[in-house]
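Input: a single structure, listed below in structure tokens.
Quick caveat, the model's predicted, so the values are computed rather than measured.
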Amino acid sequence: MEIFVLAFFALGYLVLGGADIGVGMALPYLGRGAGERREVIAAIAPFFLGNEVWLVATAGVLAGLFPELEGELLSGNVAVVVPMLLSWVVRDMGLWLRGRVPGVRWRGFWDGAIVAGSWGLALSLGVLLSDVLLGLRGPVALLPALLVAVVLGAHGLAFAALRLRGELRRRAAVLSGGSGEARTYALTAAALVVVGVLGGLRLPLTAGPTASLLTPVILVVTPLLVAAQAWVWWTFRHRVTGPSYL
């Protein structure tokens, strides 16, 4: 049961959070001007905080149910985990701060932070998966990491095509044949799930002594998390019609 809980949260973040990351990676391509970038960011604005809960939950499950694996996977990959966390912070700072002060330079700087943070997250996840799947570390791990980043970028473009309208949708649907964004999103989501599952099969998934105490609590909280996520997605299911609060 503990293994399925970990897989549920980790794969959920790859699919849901991966879309946010991909949109941030493609921001310069999708948004050619300040107004367009605001509208592109509006495509992920209602979702990115909720999606990050899946990453926090994954780390919590690792620490609580699989402490040995958490030490090996996270503490043993400090050179990857620290850039990942820094990229996460930089990306979120960009999302929150870009609209707080008027001015082209201010927004341009934080738009750059969104792009840099998103690429940093994608490459850090790719390097971590390279280590888990292939045992690669150092510069050689960058090649498979780039492949993971490409999948995340395609995933983000498909998500943006599902959310945007007009010219922005046309740009985002460059990989979808104009109207096949749902199919592309499903394919890229499946690819991320396959990569995540293959990585999980290579991990020593032995639950720690606290599993019998924490698992029932997690099983009670998880439906609430899923229900909240479903409510957000249903509420903001329509295409973006203008800039968001960000």
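Each of R38, R98, R91 was compared with D111 under the salt bridge (Lys or Arg N to Asp or Glu O under 4.0 Å) criterion, and only R98 meets it. Screening R100, M93, R105 against W110 for a side-chain contact (heavy atoms from CB on, under 4.5 Å) leaves a single residue, M93.
Between L164 and E39 the shortest heavy-atom distance is CD2-O, 3.6 Å. Nearest heavy-atom pair across G24 and S118 is CA-OG, 3.3 Å. When all heavy atoms are compared, the tightest approach of V232 to P46 is CG1-O, 3.4 Å. Between L123 and A145, the shortest heavy-atom contact is O-CB, 3.8 Å. Scanning both residues, P144 and S130, for their nearest heavy atoms gives CG-OG, 3.1 Å. Between L175 and A154 the shortest heavy-atom distance is CD1-CB, 3.7 Å.
Hydrophobic clustering keeps L128 apart from L143 (ILVMFWY residues linked when any side-chain heavy atoms are closer than 4.5 Å, directly or through intermediates). Connection of V195 to V150 is not established within any shared hydrophobic cluster, with ILVMFWY side chains joined at heavy-atom distances below 4.5 Å, either directly or through further cluster members. V56 and V53 fall within the same hydrophobic cluster, where Ile, Leu, Val, Met, Phe, Trp and Tyr residues are linked whenever their side-chain heavy atoms come under 4.5 Å apart, directly or through other members. There is a path of hydrophobic side-chain contacts, each under 4.5 Å, that joins L55 to V81. No path of Ile, Leu, Val, Met, Phe, Trp and Tyr side chains, each step under 4.5 Å between heavy atoms, connects L85 with V90, placing them in separate hydrophobic clusters.
Taking 4.5 Å as the limit, every side-chain heavy atom of Y13 sits out of range of all side-chain heavy atoms of D20. Between I21 and L125 the shortest side-chain heavy-atom distance falls below 4.5 Å. Between D92 and E52, some side-chain heavy-atom pair lies under the 4.5 Å cut-off. Put simply, the side chain of I114 reaches to within 4.5 Å of the side chain of I41, judged on heavy atoms. Looking at V23 and F48, their side chains never come closer than 4.5 Å, going by heavy atoms from C-beta outward. L16 has its side chain out of reach of F159: every pair of non-hydrogen atoms, C-beta onward, lies at least 4.5 Å apart. M84 places a side-chain heavy atom less than 4.5 Å from the side chain of L121. Two residues are said to be in side-chain contact when any heavy atoms from C-beta on lie closer than 4.5 Å; Y29 and V40 fail this criterion.
For the atom pair CZ of F66 and CD of E68, the computed distance is 11.0 Å after rounding to the nearest 0.5 Å. Atom-to-atom distance recorded for L198:CG and L134:CG is 10.0 Å, nearest 0.5 angstrom. Of the inter-residue distances, the one linking L14 atom CG with T188 atom OG1 reads 11.5 Å to the nearest 0.5 angstrom. Going from atom CD of E36 over to atom CG of L168 covers 5.0 Å, rounded to the nearest 0.5 Å. Of the inter-residue distances, the one linking L95 atom CG with I44 atom CD1 reads 5.0 Å to the nearest 0.5 angstrom. A distance of 7.5 Å separates OG in S176 from CG in L162, rounded to the nearest 0.5 Å.
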### Task
Kindly indicate, with the supporting measurements, whether the criterion side-chain contact (heavy atoms from CB on, under 4.5 Å) is fulfilled by L152 and W119.
CA-CA 10 Å; L152 286 169; W119 274 96; over 6 Å; no

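Salt-bridge formation is detected for the pair E181/R239: a Lys NZ or Arg NE/NH1/NH2 atom is positioned less than 4.0 Å from an Asp or Glu carboxylate oxygen. Salt-bridge formation is not detected for the pair E167/R32: no Lys NZ or Arg NE/NH1/NH2 atom is positioned less than 4.0 Å from an Asp or Glu carboxylate oxygen.
Checking side-chain atoms of R171 against main-chain N and O of L30 turns up a donor-acceptor pair under 3.5 Å. A distance-only check finds a donor-acceptor pair linking the side chain of W106 to the backbone of L97 [under 3.5 Å]. Judged purely by atom type and a 3.5 angstrom limit, R163 has no side-chain atom pairing as donor or acceptor with the backbone of V240.
Between W233 and F47, the ring planes are tilted. Angles from 30° to 60° get that label. Aromatic ring pairs are classed by plane angle as parallel below 30°, tilted from 30° to 60° and perpendicular above 60°; the pair F8 and W54 is tilted.
The salt bridge (Lys or Arg N to Asp or Glu O under 4.0 Å) contacts involving residues 136-147 comprise D131-R137, where partners must be two or more places apart or lie in separate chains.
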